[in-house]
Amino acid sequence: MSTLTFMKEVIRANRSTGAVAPSSQRLAEAVTDMAQLPDAHVIVEYGPGSGVFTKAILHKKPEDAFFVALEVNEAFVKATKEACPTANVIHDSAENALKHLQKEGFDGCDVIVSGLPWSRFDAPLQDSILDATYDVLHPGGRFLTFGYTFSAWMPLGKRFFKEKLNEKFGRVTRSSIIWKNFPPCYIYIAEKTK
């Protein structure tokens, strides 16, 4: 997917697509390294967009690990399937991750990698997706997401990253700034400790 097409989708679907530009390869590599994918048996991706993270996940996951990506934007579903023909990409909301895993015989997952635009979502949607995320993760599971450095200044971004993750998960850490992304961002790693 070209950057121009990506930006058209951002403008067209600005409530569900919050990226200023496609995620960089550097960000995708950093997130998937921190996800500890070689140890995962079941992996979920939220909001693959144009498939940058999806490619990195497919490259790093164990061959026998189950992987599914959930995307609400049909144009991005198509773009990810074109970029990653072997990926299992489903046109659906992150809130329904458990339903799709159960269809495949799994009761949860070990890792969730998220490209969702949290600061674009209202508080009830943030809560709904975060509750579903916590419920679908196995104990010891890892949830990775990122936020632009300016997101902390936005009311919903600040509340989500500084309060909601810490309220829900036993352990939350934040990476140093990933400068090789536009805009620069942080990676948040939340671990389900119970």
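As a basis for the values below, the full set of heavy atoms in this structure was taken, side chains included, without hydrogen atoms, waters or symmetry mates.
The minimum heavy-atom distance between A65 and A40, with the atom names listed, is CB-O, 3.6 Å. The minimum heavy-atom distance between C84 and K55, with the atom names listed, is SG-CG, 3.4 Å. Between G147 and C185, the shortest heavy-atom distance links the atoms O-CB, 3.1 Å. In terms of heavy-atom proximity, I129 sits nearest to A94 at CG2-CB, 4.1 Å. A28 and A56 get closest at one heavy-atom pair: O-CB, 4.1 Å. Listed here is the closest heavy atom pair of A83 and S50: CB-O, 3.8 Å.
Shown here are the side chain to side chain contact (heavy atoms under 4.5 Å, CB included) partners of Q36, two or more places apart in sequence or in another chain: D39, R142. Evaluation of the salt bridge (charged side-chain N to carboxylate O under 4.0 Å, His left out) rule for D33 yields K60 as partners, not counting sequence neighbours. Partners of S175 under the side-chain hydrogen bond (donor to acceptor under 3.5 Å, both in side chains) rule, at least two apart in sequence or in another chain, do not exist in this structure. Considering only residues two or more places apart in sequence or on other chains, Y186 meets the ring-ring contact (aromatic ring centres under 6.0 Å, His included) condition with none of them. By the salt bridge (charged side-chain N to carboxylate O under 4.0 Å, His left out) test, R26 pairs with no residue at all, sequence neighbours left out. Every residue meeting the side-chain hydrogen bond (donor to acceptor under 3.5 Å, both in side chains) condition with Q25, not counting sequence neighbours, appears here in chain and number order: E29. In this structure D64 satisfies the side-chain hydrogen bond (donor to acceptor under 3.5 Å, both in side chains) test with no other residue, sequence neighbours excluded. Residues that satisfy the salt bridge (charged side-chain N to carboxylate O under 4.0 Å, His left out) test with D92, not counting sequence neighbours, are K99. Under the side chain to side chain contact (heavy atoms under 4.5 Å, CB included) criterion, L101 pairs with V42, V44, F66, V68, F106, C109, V136, sequence neighbours left out. Not counting sequence neighbours, the partners of T54 by the side-chain hydrogen bond (donor to acceptor under 3.5 Å, both in side chains) test are E45. With sequence neighbours excluded, the residues forming a side chain to side chain contact (heavy atoms under 4.5 Å, CB included) with H138 are D107, D110, listed by chain and number.
The cationic group of K168 lies under 6.0 Å from the six-membered ring centre of Y134 and within 45° of the ring axis, placing it in a cation-pi geometry.
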When you look at L165 and L130, which way does the side-chain contact (heavy atoms from CB on, under 4.5 Å) test go after all the steps?
-> CA-CA 8 Å; L165 280 176; L130 195 57; 4.1 Å; yes
Which is it for T193 and E191 under the side-chain hydrogen bond (donor to acceptor under 3.5 Å, both in side chains) test, yes or no, and what are the steps along the way?
-> CA-CA 6 Å; T193 56; E191 297 178 60; over 6 Å; no
Evaluate the criterion side-chain contact (heavy atoms from CB on, under 4.5 Å) for residue pair F143 and V113; output intermediate values, then yes/no.
-> CA-CA 6 Å; F143 169 58; V113 171; over 6 Å; no
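Here the side chains of L125 and D127 are not in contact, with every heavy-atom distance at 4.5 Å or above. At least one side-chain heavy atom of I57 sits under 4.5 Å from a side-chain heavy atom of L37. Residues V89 and F76 have side chains not in contact (no heavy-atom distance under 4.5 Å, counting atoms from C-beta outward). You'll find the side chain of T173 stays beyond 4.5 Å of the side chain of Y188, heavy atoms only. Side-chain contact between K78 and E82 is present, with at least one heavy-atom pair separated by less than 4.5 Å.
Note that CG of L137 is 4.0 Å distant from CD1 of I112, once rounded to the nearest 0.5 Å. Rounded to the nearest 0.5 Å, atoms OG1 (T80) and CG (L70) are 11.5 Å apart. To the nearest 0.5 Å, atoms CZ (F67) and CD1 (I43) are separated by 7.5 Å. The line from CD of Q126 to CG of D131 is 11.5 Å long, rounded to the nearest 0.5 Å. Interatomic distance, I187 CD1 to L27 CG, rounded to the nearest 0.5 Å: 5.5 Å. The CG atom of L58 lies 12.0 Å from the CD atom of E63; values are rounded to the nearest 0.5 Å.
Here the side chain of S93 pairs no donor or acceptor atom with the backbone of N96 at under 3.5 angstrom. Not a single donor-acceptor pair under 3.5 Å links the side chain of S128 to the backbone N or O of P124. Using modelled atom types, no side-chain atom of K81 and backbone atom of P85 make a donor-acceptor pair closer than 3.5 Å.
V77 and V52 end up in different hydrophobic clusters when Ile, Leu, Val, Met, Phe, Trp and Tyr side chains are linked at under 4.5 Å.
The ring pair (Phe, Tyr, Trp, His ring centres under 6.0 Å) pairs that include a residue from residues 35-58 are F53-F146, where partners are two or more places apart or lie in different chains.
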